[in-house]
Structures are given as structure tokens and as C-alpha cells.
Amino acid sequence: MKLPVPLTPLIGREAEIRQIGELLHRDDVCLITLYGFGGSGKTRLAMEVGHLEAETFTDGVWFVALAPLSSPEHILTATASALGFDFGNSVDQKKQLFSYLQEKNLLLIFDNAEHLLPNATLFFEEFLQNIPRQPKLRLLVTSRQPLNMPWEWAYLLRGLEYQKESPNVEGQTSAAVELFLHHLRRQGNPLEAGDAVCAAQISQLVNGLPLALLLAASWGRVLGCDDILKEIKRNTGFLKAQGQTSTDKHSSMQAVFDYSWQLLSEIEQATLRKLAVFRGGFDRAAASAVTGADLTIIARLVDNALIERISNNRYQIHELLRQYLQDRLEEAKEDQATYDTHLAYYTGLAEQAETQLLQEQQYTWIDQLKLEIDNFSNALEWSLENPNPARLKLGLQMLTATERLWTLPLLTKTGFGYLFRLLALVPDNQFQHTYARGLNLAGWLSFLLEDLPESRQYTAQALQIGLLTHDSRLVADAYYIQSLEAFYRKEFKTAQSYAQQALSGYREINYAHGIAQALDSLGRCEMYSGNFSAAIPNLTDALDLARKLGDVRTQYSTLRGLGELALFGQHIELQRARAYLQEALEYSRQFKDNFYISHILNSLGEIMRLEGQFEQAISYYEEAISIEKELGRKDEVMLEEENLAFVYSRLGQYDQSRVLFIRNLELALKSDHLAIEITTCLLGLAGIVGLSDQAVAERLVISPRTVNAHLTSIYNKLGVKSRAAATRFAVEHGLN
């Protein structure tokens, strides 16, 4: 039959229309298979392409519906019927049809071929062998899988474009959102505030799948957009047609999945349902380990568009299909065994990564592990929701083996949350070494989250277990983390003592990576205690050892320390400081370690400020402030805004400077551990208006005596290094 006229406009698909059109015009293309997941809009797109190419094909664009056919043998008669061709008395009907099509300039669209495969390929192959491509005859076949023919050009159709990250911003739109809102309006209700944001979230949840968006929008007469979103999250069975006519296999997402499921062999079904345990994608090794499937089975599922290859060796399953498969997995009573296998596999992957995360390829491993965050989380949730000693131990092993992953700023809170829950479930006196490693990691992560009392509590427990069991590694790790925590509290002598004990413990067991870390911590403590002569060799030795080991994380930490020593030490060497810090910045950017990046940027800003390069200093400070705000580190934001305020003051932008100083002074006065920040703000304000300015004193409710008291207290508490820095501020602002 002639190409049907669509009843609704096609939204999006501009790139796909252009690309398929280009293929149709190529002389070396005779058959295109438009394949993809059920409900992706293959038929609608093929019809749109046909209408747009109607003038190209002077003998017409013809539509052959294959869905009603029960056997490939009927494709010949269906094609003739669509073309309006009547067979004569000749027995060989193929020859009659092929003869009729000679020299025709037409496009034949064969729609829904998947249930007739693989035998249907014989018809298409014979068709192409018997009809010359010239002047111009093309076949466009829609199917849920490719035909796997020699002359085939396979074109995978995915869902509509949607916002893959943060789909919650008003004013941002996509083809998927437009489609959903268009059909929501068709339900007769006006759009409400927030519907666009909700539509973006629905689009992300269904991966932009057009049928799912239409089925969701069909509920618009009954439910608001937010309620539609909640129902989809709760149950994919919710996505079914409401008050509209639809073919059986497209009447609901359940029907779409059932239809695809029935086309699979038993081994394909068994493999596919086990893949439901994965989150965020998986690679071939993981799929093989968890399902037992070989590459041939994976290839068949890819061809059926049931799993999608998203990179060279990585695949994913549509989230709605994954939920459907979860039900099939539970029905087969294979869920517990499969989830246990999944947990064991990812614990093994974590332990494989443990040593690699300390060596030269750690960038590669960090990137690989980041891809598996959703799988780690799913495995950990399984161990928590179905706890037994074996699962809890595997969960702790997974976390502690990948500690350097969880210490990255954006993952710290997630890692600590899992540790907190796991540690609470571990029975007394079970797998003490693994348990104590978890305590130490919890101490480290809670320190990074600025919960210092909790950090001390965790490491104290780990230290006790380490001492009782004579485990030098546990003891040294606990002391190392305690040195970091004490340093943050500005108790530098205490931090130095802990770092020295950690160093001794690591040397006792000859643990080189620990030695490098402890030397780095010790050198930093000595620097901030004013013992510069001791800090230099310790930081230098830490850097040399880290370079030898290929431990990039420790390298840029130590480079930062050496840079700050050259900047704030007894002898200021700006050129040396800049070289160290720029190298540290390069390494930390490669690692995407925002915690260090922000600190290094702040120190580079200090160098630029001292050299009078104020615009560059502002750029460094502003980037550092942006990162710290993202990380939620309010104290660090305060420090960097104070430095920025000094630059504004030097540029004569006194109003901007005053606003930052006053705001941060008010915040610092509410805390009991920000004496340095209080003093810095007071010095900055004094540099702008002078301490004798009564108006400013009244506004701040602070007297010159308070200023002097703070200065004296800080000088006495923090020693030469801080006095030198404060004196430099005073000199810059005429207070000397």
C-alpha cells in the first residue's frame, strides 16, 4: 500500500532523518535495516523518511506491513499486495514480481520483520540478487534486530535525546521532554509549573524511549506529572495505554517486553534475566562471570537491541527492561545466587584494583572503578539488605580495597554511608582485621567530611584492635589518619607525633607506600610548626619515594607541601614554589581530585598576589572558591574569599573587599576554631579603613583591643610561620 499518513507530528529525530536520507542516496546502499528496542519509534521514523524522500522515488514509496504475517513465505504476497500488483497464471510468482520491479525507481518499507527472522533474510537476499539497483530501488526494513545480511546497512535507533545529568533545571529542554509535554497537553489539561522539570526526570528514567513517554503522558487526565513519575519508579507495569487504540505489542511496556522475551531462546532468556543485577552498565568479563554467557550470547542480545554497547567493551540495559528482568529473575528463583555472584565478582575486582591504585596506572583504574560505582553500590546494598557474615565481610573488603576511590571528594559521603551501615551490622569478634580496616577507612572518610570527633572514635577503635592483635599495618594506618585529623585541628605538635608513630610502624613492616604518606604528613606538620629545616628533607624523601613507586596521589600531595614550604617558609622562593605547585596542579587535575586542586589553586593565587599579578590571582581564587562550594567546605571558602578580598583591596575595589571581609568575620566569630580567619579579616579591614575608624568599629562591634588580643593569641599559638604571614599582610596594608 501507499505510505500511510501519520496522525501525529514527529518530534526530534532530525539527525536520524538526515543520516538515513544520506544512506538512501548512496549508490552502494540497497538495503537499510532500522533496528532498535521495542517502542523506540522505528516505524514512525521510517514513515517520516519515506514522506520526505517521496520526490526522490518517482515510482513511489510503498509500505509493507509484516507484523500480521505468520511465516516468511507470505512476504512475497504481502509485497505484491502493497504494490497493488496482481499475479498472472504463471507458477513462478517471484519471477513475475521481480520482473515487474525491473527499472523501478521506488522505496519499499518493510515494517516489523523481527518475528520472521532468520528465514526472512532469504527473501531479501533473493530480492536483491534478482533486481538491479539501478536506476534506483531501495529497501528500508524495520526490525528489533539486524538481518545480518551481506548487503545490509544496519542503523541502530536509540531513544530520543534527553538530559543525562541533573534533569532538574527550568528552561532546559530536549526532544524527549517536548514529546512528553506535547502528548500531556493532548490530554486536555494545561501544563503546570514544574512540569518541564518533571518531564526531564521522566525522560531520563525511561532513557528517552518514545513509547514509554507516550504511555506515561496518557495518564495525564488522571494524574499530575509528579505522580506519574512516582508511579513509573514504583512499577513499570504502570506504563500502559490509557484510552487510546494501540496494537497489542505496543499497548504497554509489559507487552513490549513480553513480545521480545518470547523471541529469545532459553539460554538467551537465562542470560538476560541474570543481567538484571547490573547497574550503570557492565563489561564482558562481568557479564561472563555473573551469567556464564559467552560472547556469542552477548552478541545475540545486542543484535536484538535488548542490551546496548555503549563503548568498546561496555554494555547497558534499558532501565525499564531491567526492572522487567528483575521480575523474571525472581520468578526463576535465581535472584539470591545471582546477587551473591555479583557481590563476589565486584569484591574480586576491588581487590584486583587495590595494588594498582598505588601505582602508575592508578588514573586508568580510578576511571574504570568510577564506571562501576553503581555496581559497587548495588552489591553493597545486597549485602546490607540480606546480611550474613560472608556478605558483610565481602562488602567491607570491597570498600577497604578501593579506599582511594572513596577518598575522592564526590564519593566520600557515599563511601562513608556504606561503611557506617556495614560496621554496625558486623557481629563481635568476627573477621577483626577486615573490621578494623573498615574502622580506619571510616575514620579517614569522616575526617574528610570534617566530622573530627567521629574520626578520632573510629581510628581509636582500629588502633586498639591493631595493638591487641599485633597488627602493625592497622596501627600505622590509625596513627596516619590521626595525624591528618590533628593537623586539621591545627594541633601540629600532636599531629607530628602521630605521623612519626605511623612512619615507625610502616618502616617496621617495610610498607613503602605507607612510608611515603607518613613522611608527607610529618613534613607538613613540621612546616606548620615552624621547623622548616626538618620539613624539607622529609617532604623531599616523600616525593622521591612516591615517584619511585609511581604513586601519583602522594606525589601531588608532597609537591603541594614543598610548594607551600617555598612560599611560606623561612626563605620565600616564589619561583620554586610556583614550579612545585604547577606540577602538583597538573597531576591533581589528571586525577580530578578537587580537594587538592582547590588548595593548590589557593596557593598559586597567593604567589600571583605577591607578584602583583592580581587578575591571575583572582582567577585562581575564584576557581578554588567554586570547587570548595561544590564540596561544601565552608571553612575553606572563607579562607579563599579572604585572600580574594585582599586582592580586591590592592586593586582599589574597596567595596567588594569590605563585603567579603565583613561577611567572613561574622561567620568566623560564630566558631570556636577560626581564630586565624578572625585575625585575617581584622587585618584586611584595618588595611582598608584603619583601626581608628570609629564607624567601622561600631559597625563590627569590635574594639582595637580585641584586634590586638587576637593578634597576640595567634602569634603565640602558631609561631613564626603565621607571624610572618600576618606581618606580610600588615606591611601590605600599611600597619607595620
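Keep in mind that this is a model prediction, so the values were computed, not measured. Sequence positions, counted from 1, serve as the residue numbers for this chain.
The side-chain heavy atoms of Leu272 and Ile307, taken from C-beta on, include a pair separated by under 4.5 Å. With contacts defined as side-chain heavy-atom distances shorter than 4.5 Å, the pair Leu139/Leu128 qualifies. Counting heavy atoms from C-beta outward, Pro9 and His182 have side chains that approach closer than 4.5 Å. Between Phe57 and Lys104, the closest side-chain pair of non-hydrogen atoms is not below 4.5 Å. Side-chain atoms of His51 and Leu3, non-hydrogen and from C-beta on, do get closer than 4.5 Å to each other. Put simply, the side chain of Glu372 reaches to within 4.5 Å of the side chain of Asp283, judged on heavy atoms. Taking the side chain as every heavy atom from C-beta outward, Ile17 and Leu45 approach each other to under 4.5 Å. Contact annotation: the side chain of Leu179 approaches that of Pro210 to within less than 4.5 Å [non-hydrogen atoms, C-beta and beyond].
Enclosure of atom CD in Glu266 is not indicated, since only 12 or fewer non-hydrogen atoms of other residues, nucleotides or ligands lie within 6.0 angstrom. Residue Arg284 places its CZ atom among 12 or fewer non-hydrogen atoms of other residues, nucleotides or ligands, all under 6.0 Å distant. Counting non-hydrogen atoms of neighbouring residues, nucleotides and ligands closer than 6.0 angstrom, the CD atom of Glu55 reaches no more than 12 such neighbours. With a 6.0 Å radius and a threshold of 12 heavy atoms from other residues, nucleotides or ligands, Glu73 has its CD atom at or below the threshold. Environment of CD in Gln361: sparse, with no more than 12 heavy atoms of neighbouring residues, nucleotides or ligands closer than 6.0 Å. The 12-atom threshold is not exceeded at CD1 of Ile267, counting heavy atoms of other residues, nucleotides or ligands nearer than 6.0 Å.
With sequence neighbours excluded, no residue forms a side-chain hydrogen bond (donor to acceptor under 3.5 Å, both in side chains) with Ser40. For Glu231, the salt bridge (Lys or Arg N to Asp or Glu O under 4.0 Å) partners two or more places apart in sequence, or in a different chain, are Arg234.
Ring planes of Phe127 and Phe98: perpendicular class, angle over 60° (limits at 30 and 60°). Relative ring orientation between His342 and Tyr339 is described as perpendicular, the plane-to-plane angle rising above 60° on a 0-90° scale split at 30° and 60°. Using the six-membered ring where Trp is involved, Trp219 and Phe238 have ring planes that are parallel, under 30° apart on the 30 and 60° scheme.
Atom CG of Leu306 and atom CZ of Phe257 lie 9.5 Å apart (nearest 0.5 Å). Taking CG of Leu24 as the start and CZ of Arg138 as the end, the distance is 7.5 Å to the nearest 0.5 Å. Annotation: the span from Asp92 atom CG to Ser99 atom OG amounts to 10.5 Å, rounded to 0.5 Å. Arg328 CZ to Leu321 CG: the interatomic distance, rounded to the nearest 0.5 Å, is 10.5 Å. Here the straight-line distance linking atom CZ of Arg18 with atom CG of Leu52 works out to 13.0 Å at 0.5 Å rounding. Between the CD atom in Glu351 and the CG atom in Leu349 there is a gap of 10.0 Å [rounded to 0.5 Å].
The two residues Arg322 and Ile317 have their closest heavy-atom pair at N-CG2, 3.8 Å. Considering every non-hydrogen atom in both Thr402 and Leu369, the closest pair reads CG2-CD1, 3.9 Å. Of all heavy-atom pairs spanning Leu117 and Pro146, the tightest one is CD1-O, 3.9 Å. The two atoms that bring Ser203 and Leu213 nearest to each other are OG-CD2, 3.9 Å, heavy atoms only. In plain terms, the two heavy atoms of Asn119 and Pro72 that are nearest each other are CB-CG, 3.6 Å. Here the closest non-hydrogen pair linking Val64 and Ala82 is CG2-CB, 3.8 Å.
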### Query
Given Leu34 and Val49, is the side chain to side chain contact (heavy atoms under 4.5 Å, CB included) satisfied, shown in steps?
CA-CA 11 Å; Leu34 180 58; Val49 169; over 6 Å; no
### Task
Take Gln201 and Gln204, measure what side chain to side chain contact (heavy atoms under 4.5 Å, CB included) needs, and give me the verdict at the end.
CA-CA 5 Å; Gln201 295 171 332; Gln204 185 186 55; 5.7 Å; no
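Here the side chain of Thr77 pairs a donor or acceptor atom with the backbone of His74 at under 3.5 angstrom. Using a distance-only test at 3.5 Å, with no hydrogens or angles considered, a donor-acceptor pair links the side chain of Asn375 to the main chain of Gly281. When atom types are taken as modelled, the side chain of Arg391 and the backbone of Trp382 share no donor-acceptor pair closer than 3.5 angstrom. Under a 3.5 Å cut-off, the side chain of Gln356 and the backbone N or O of Trp365 do not form any donor-acceptor pair. Side chain of Gln102 to main chain of Asn130: a donor-acceptor pair is present (N/O by atom type, distance under 3.5 Å, no hydrogens or angles). In this structure, Lys94 contributes its side chain and Leu76 its backbone to no donor-acceptor pair below 3.5 Å. A donor-acceptor pair under 3.5 Å links the side-chain atoms of Gln269 to the main chain of Trp261, judged by distance alone. Listed for the Ser218 side chain is a donor-acceptor partner under 3.5 Å among the backbone atoms of Leu215. Listed for the His115 side chain is a donor-acceptor partner under 3.5 Å among the backbone atoms of Leu66. Between the side chain of Asp335 and the backbone N or O of Thr338, no donor-acceptor pair lies under 3.5 Å.
Between Phe85 and Phe87, the ring center distance clears the sub-6.0 Å criterion. Between Tyr418 and Phe376, the ring center distance fails the sub-6.0 Å criterion.
With no hydrogens or angles considered, a side-chain donor-acceptor pair links Gln323 and Glu319 at under 3.5 Å. Of the N and O atoms on the side chains of Asp303 and Tyr35, not one donor lies less than 3.5 Å from an acceptor on the other residue. There is a side-chain donor-acceptor pair under 3.5 Å between His25 and Glu53. Remark: the Ser260 side chain and the Arg144 side chain contain an N/O donor-acceptor pair separated by less than 3.5 Å.
Between Arg13 and Glu48 there is no salt bridge, since no side-chain nitrogen of the basic residue lies less than 4.0 Å from a carboxylate oxygen of the acidic one.
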